[in-house]
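I have placed the structure first, in the form of structure tokens, so that the comments after it can refer back to it.
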Number of protein chains: 2
Amino acid sequence: MKNKIKEIRKKLGITQKRLAQECSVARQTINCIENNKYDPTLELAFRISKTLKVKVDELFIYE
Amino acid sequence: MKNKIKEIRKKLGITQKRLAQECSVARQTINCIENNKYDPTLELAFRISKTLKVKVDELFIYE
DNA sequence: GCAGGATGTCCAACACTTTGGACATTGGTT
DNA sequence: AACCAATGTCCAAAGTGTTGGACATCCTGC
């Protein structure tokens, strides 16, 4: 399960800290997800997608 | 977090057992998700979406 | 009205996600 | 070189998802 969070986040010019705040999670959570330590819960995936203004299906790549 | 799994599954005429098998999870898992006992992991959400031939963003409703 | 499939539900164990707090490393600016 | 923000990483605790196994209930067809 890959994702484009880091890429899109940087394109939008926001920090991990800021993204974490917008999604109401710890900064480590965003960091771990960006670096593929683990996948987010479905709900968090939706919150991140919403913040980054992309669809879940675009942000995460399954297969 | 709502979802249209039961609705779409029935439209396709498949059982919880069958959907579970296709997604490689226990039948209880599908049952619990359909009845909103808990949300699936992100990966399972993708597997279910793939099996039901819809996008994650269509199958799950956030907000 | 009985049988069999489909669905709902319980439980305890295990796996995975998320957390705060802390510290190390990187990178850019001056 | 020194500063400071941003990022990476560690840990143990708490929360959440998934499981097999078992049993109850609901349909539907015969």
Side-chain angles (χ1 to χ4, degrees):
Chain A
M1 191 88 205
K2 296 228 177 298
N3 71 74
K4 302 179 180 171
I5 298 177
K6 189 179 297 193
E7 175 189 339
I8 298 181
R9 175 178 63 75
K10 286 186 171 176
K11 203 168 291 178
L12 295 179
I14 59 180
T15 65
Q16 290 184 344
K17 185 180 175 185
R18 177 93 190 293
L19 177 55
Q21 288 169 340
E22 303 270 0
C23 296
S24 306
V25 287
R27 184 181 61 79
Q28 296 97 300
T29 303
I30 298 296
N31 188 291
C32 287
I33 296 167
E34 283 193 352
N35 293 299
N36 287 292
K37 296 291 194 307
Y38 49 72
D39 291 326
T41 56
L42 181 59
E43 197 190 336
L44 180 50
F46 268 94
R47 275 186 271 150
I48 296 173
S49 295
K50 186 177 183 181
T51 301
L52 298 182
K53 299 180 169 50
V54 293
K55 296 203 175 264
V56 170
D57 291 277
E58 295 171 37
L59 193 54
F60 297 88
I61 294 88
Y62 177 63
E63 261 158 350
Chain B
M1 194 88 205
K2 296 225 178 297
N3 72 73
K4 303 179 180 172
I5 299 177
K6 189 179 297 194
E7 175 189 338
I8 299 180
R9 176 177 61 75
K10 286 187 173 177
K11 203 168 290 177
L12 295 180
I14 60 179
T15 66
Q16 290 185 344
K17 185 180 175 186
R18 178 93 191 292
L19 176 55
Q21 288 170 340
E22 303 271 359
C23 296
S24 306
V25 287
R27 184 180 61 81
Q28 297 96 302
T29 302
I30 297 297
N31 189 291
C32 286
I33 297 167
E34 283 193 350
N35 293 298
N36 287 291
K37 295 292 193 308
Y38 50 71
D39 291 326
T41 56
L42 181 59
E43 198 191 337
L44 179 50
F46 269 93
R47 275 186 270 149
I48 296 173
S49 295
K50 187 176 183 182
T51 302
L52 297 183
K53 299 180 169 50
V54 292
K55 296 206 175 262
V56 170
D57 291 277
E58 296 171 36
L59 193 54
F60 296 88
I61 294 88
Y62 177 62
E63 260 156 351

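Naming convention: chains lettered A, B, ... in sequence-line order (proteins, then strands); numbering from 1 in each chain. These numbers were taken from a predicted model, which means no experiment stands behind them.
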Practice item. Indicate the atoms forming the closest heavy-atom contact of A:Leu59 with A:Ile5, along with that distance. Key: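 Minimum heavy-atom separation between A:Leu59 and A:Ile5: CD1-N, 3.8 Å.
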**Study point:** Over all atoms of both residues, closest heavy-atom pair of B:Pro40 and A:Leu42
**Key:**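 Heavy atoms only, the tightest pair is O-CB, 3.5 Å.
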Exercise for review: Enumerate the residues from residues 2-21 of chain B whose closest heavy atom to DNA chain C is under 4.0 Å, giving them by residue number; use none for an empty result.
Suggested key: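 Listed by number, they are B:Lys6, B:Arg9, B:Thr15, B:Gln16.
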Point to revise | Five-pair end axes of the helix from C:dG1-D:dC30 to C:dT30-D:dA1 and the angle they enclose, rounded to 10° | key: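 The helix from C:dG1-D:dC30 to C:dT30-D:dA1 shows an end-to-end axis angle of 50°.
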Heavy-atom side-chain proximity of [X] to [Y] below 4.5 angstrom:
X: A:Thr41; Y: B:Thr41; answer: no
X: A:Leu44; Y: A:Val25; answer: yes
X: B:Asp57; Y: A:Phe46; answer: yes
X: B:Ile30; Y: B:Ile48; answer: yes
X: A:Arg47; Y: B:Tyr62; answer: yes
X: B:Val56; Y: A:Lys55; answer: no

d([atom1], [X]; [atom2], [N]) in whole Å:
X: B:Ile33; N: C:dT9; atom1: CD1; atom2: P; result: 15 Å
X: A:Glu34; N: C:dT18; atom1: CD; atom2: P; result: 14 Å
X: B:Asn36; N: C:dT9; atom1: CG; atom2: P; result: 12 Å
X: B:Ile30; N: D:dG20; atom1: CD1; atom2: C1'; result: 16 Å
X: A:Asn31; N: C:dT17; atom1: CG; atom2: C1'; result: 15 Å
X: A:Leu42; N: C:dC16; atom1: CG; atom2: C1'; result: 15 Å

Practice item. Within residues 44-63 of chain B, find the residues that approach DNA chain D with a heavy atom at under 4.0 Å, and present them sorted by residue number. Key: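 Residues of residues 44-63 of chain B that come under 4.0 Å of DNA chain D are, in numerical order, B:Leu44.
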Exercise for review: Say whether, by atom type as modelled, one donor and one acceptor occur between the side chain of B:Asn36 and the main chain of B:Lys2 under 3.5 angstrom.
Suggested key: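 Not a single qualifying donor-acceptor pair exists.
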Study note, to complete from the structure: Per-nt protein contacts along nucleotides 20-30 of chain C (heavy atom under 4.0 Å; B base, S backbone sugar-phosphate only, - none) come out as BBB--------
Check your understanding: Who passes side chain to side chain donor-acceptor pair (under 3.5 Å) against A:Arg9, sequence neighbours left out?
Key ->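 Partners of A:Arg9 by the side chain to side chain donor-acceptor pair (under 3.5 Å) criterion, ordered by chain and then number, come out as A:Glu34.
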Practice item. Report the distance from atom CG of B:Asn31 to atom NZ of B:Lys37, rounding to the nearest 0.5 Å. Key: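 Going from the CG atom of B:Asn31 to the NZ atom of B:Lys37 covers 6.5 Å.
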Point to revise | Approximate separation, where rounding is to 0.5 Å, of B:Gln16 CD and B:Lys10 NZ | key: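 Answer rounded to 0.5 Å: 8.5 Å.
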**Study point:** Residues A:Lys6 and A:Asn35: side-chain donor-acceptor under 3.5 angstrom
**Key:**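 Short answer, yes.
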Practice item. Decide yes or no on salt bridge (charged side-chain N to carboxylate O under 4.0 Å, His left out) for A:Glu22 and A:Lys50, but give the supporting numbers first. Key: CA-CA 10 Å; A:Glu22 303 270 0; A:Lys50 186 177 183 181; over 6 Å; no
Practice item. Could you walk me through whether B:Thr51 and B:Leu12 pass the side chain to side chain contact (heavy atoms under 4.5 Å, CB included) test, one step at a time? Key: CA-CA 10 Å; B:Thr51 302; B:Leu12 295 180; over 6 Å; no
Check your understanding: OP1 or OP2 of D:dG8 sitting under 4.0 Å from any side-chain N/O of A:Asn35?
Key ->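 Yes, because at least one side-chain N or O of A:Asn35 sits under 4.0 Å from OP1 or OP2 of D:dG8.
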Practice item. Could you tell me whether the phosphate oxygens of C:dT18, OP1 or OP2, come under 4.0 Å of any side-chain nitrogen or oxygen in A:Thr41? Key: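 For C:dT18, OP1/OP2 do have a side-chain N/O of A:Thr41 under 4.0 Å.
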Close N or O pairs between protein and nucleotides 28-30 of chain D (under 3.5 Å):
none

Point to revise | Check against side chain to side chain contact (heavy atoms under 4.5 Å, CB included), B:Leu52 and B:Ile14 | key: CA-CA 10 Å; B:Leu52 297 183; B:Ile14 60 179; 4.2 Å; yes
Review point. Among C:dT18, D:dT19, D:dG8, which is the nearest nucleotide to the side chain of B:Tyr38?
Key: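 So the nucleotide nearest the side chain must be D:dT19.
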